K.L.:
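There's a structure below that I have some questions on.
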Amino acid sequence: MASCGKIKQTTTMSGRVKDFGTGEPIENVRIYVQDGFTGSGPILNHDDIGEKEALTYSDENGEFSVEIKAENNPVLYPSKSSEYWNYNEGGLVQSGEIFTKGGGHNNIEIVLKGKAYLNFRAETINGQADSIQYLGFVDYPNVHERELEKGQTFNRKETFAIGNKYFVYDFSYKRDGVWTSILDSIYIPLGETRGDTIYY
């Protein structure tokens with residue numbers, strides 16, 4: 001009788017973790033690998049997940065090496081949740097990446113985006129603006145447009161941002177039917193909340 005069980009294959013993974021903003025290596029990133037999915041379709045059932053797992057951490061150079069003997073295509077989950085946002089946001093596997101089982105996967109580059117926040121405030125000087133538009137460029141543009149009463153202020157508190165990076169924004173205001181645009185930026189260090197106020 002032939003066995004219907006799946007064949008386990010050894011998969012090795014090695015690479016480097018770096019900061020999105022600075023390009024510098026990140027130490028002590030948790031590199032967790034799970035015996036993963038049988039396929040790569042958009043719908044992934046929990047039954048397709050294997051039982052084997054492996055764990056390591058990146059060194060002072062951001063480098064890591066890990067090995068797993070898996071039945072399915074293993075999934076690598078890098079994380080340092082105290083300082084960095086989820087990896088691969090919006091990807092097929094949230095917070096992870098699928099690799100083909102068997103053989104070696106070298107020179108894997110993992111880029112993590114640092115956690116930071118921005119408090120943005122716009123205040124009219126003479127109360128003449130009748131509407132504003134705020135477009136923030138982080139990686140995922142956020143557009144906020146509204147009609148204002150005379151003299152009203154605009155506040156965006158604790159807005160998502162990426163640390164160790166310049167947050168570029170385009171702030172526009174309409175006065176007497178004419179739009180004026182202000183393009184500026186603010187540097188936000190990792191783990192900090194930075195405030196910025198525009199007077200217009």
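Being a predicted model, the structure only gives us computed values, none of them experimental.
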K.L.:
Would you indicate whether the side-chain heavy atoms of Y32 and L76 approach each other to under 4.5 Å?
P.N.:
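Side chain of L76 against side chain of Y32, heavy atoms only: no contact under 4.5 Å found.
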
K.L.:
Please determine if K52 and E71 form a salt bridge, counting it only when a charged side-chain N lies under 4.0 Å from a carboxylate O.
P.N.:
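Not counted as a salt bridge, because no side-chain N and carboxylate O are separated by less than 4.0 Å.
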
K.L.:
When you compare the side chains of T100 and N73, does any donor N or O come within less than 3.5 Å of an acceptor on the partner?
P.N.:
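No.
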
K.L.:
Please identify which of these residues, V33, I68, I108, V75, meets the side chain to side chain contact (heavy atoms under 4.5 Å, CB included) condition with F99.
P.N.:
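The side chain to side chain contact (heavy atoms under 4.5 Å, CB included) with F99 is passed solely by I108 among V33, I68, I108, V75.
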
K.L.:
Atom CZ of F167 and atom OH of Y117: how far apart are they, to the nearest 0.5 Å?
P.N.:
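These two atoms lie 13.5 Å from each other.
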
K.L.:
So with a 6.0 Å cut-off around CG of N106, is the heavy-atom count from everything else above 12?
P.N.:
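Above 12, so yes.
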
K.L.:
Do the side chains of R30 and L55 get nearer than 4.5 Å, heavy atoms only?
P.N.:
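L55 vs R30: side chains touch.
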
K.L.:
When rounded to the nearest 0.5 angstrom, what is the spacing between CD1 in I198 and CZ in F171?
P.N.:
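If I round to the nearest 0.5 Å, the distance is 6.0 Å.
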
K.L.:
Could you give the distance from CG (D19) to CD1 (I162), rounded to the nearest 0.5 Å?
P.N.:
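D19 CG to I162 CD1: 9.5 Å, rounded to 0.5 Å.
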
K.L.:
When rounded to the nearest 0.5 angstrom, what is the spacing between OG in S58 and CZ in F64?
P.N.:
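The CZ atom of F64 is 8.5 Å from OG of S58, to the nearest 0.5 Å.
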
K.L.:
Do M13 and V111 belong to the same hydrophobic cluster, where Ile, Leu, Val, Met, Phe, Trp and Tyr are linked whenever their side-chain heavy atoms lie under 4.5 Å apart, directly or via other members?
P.N.:
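Looking at the clustering, V111 is in a separate group from M13.
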
K.L.:
Would you call K115-E83 a salt bridge at under 4.0 Å N-O?
P.N.:
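No salt bridge links K115 with E83.
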
K.L.:
For Y57, check ring-ring contact (aromatic ring centres under 6.0 Å, His included) against everything at least two apart and list the hits.
P.N.:
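Result, ring-ring contact (aromatic ring centres under 6.0 Å, His included) vs Y57: none returned.
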
K.L.:
If we only count heavy atoms from C-beta on, is the Y87 to L112 side-chain gap below 4.5 Å?
P.N.:
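Side chain of Y87 against side chain of L112, heavy atoms only: contact under 4.5 Å found.
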
K.L.:
Distance from K69 atom NZ to D35 atom CG, nearest 0.5 Å?
P.N.:
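One finds 12.0 Å between NZ of K69 and CG of D35.
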
K.L.:
Looking at CG of N164 and OG1 of T22, how far apart are the two atoms once the value is rounded to the nearest 0.5 Å?
P.N.:
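Nearest 0.5 Å value for the CG-OG1 distance: 5.0 Å.
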
K.L.:
Checking Y84 now: which residues fulfil ring-ring contact (aromatic ring centres under 6.0 Å, His included) with it, not counting sequence neighbours?
P.N.:
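If we apply the ring-ring contact (aromatic ring centres under 6.0 Å, His included) test to Y84, skipping adjacent residues, there are no hits.
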
K.L.:
Establish, for the pair K113 and W85, whether the NZ or CZ atom is under 6.0 angstrom from the six-membered ring centre and no further than 45 degrees off its axis.
P.N.:
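No; the conditions do not both hold, so K113 does not lie above the ring face of W85.
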
K.L.:
Tell me yes or no: between the side chains of S181 and D170, is some donor less than 3.5 Å from an acceptor?
P.N.:
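Side chains of S181 and D170: pair found under 3.5 Å.
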
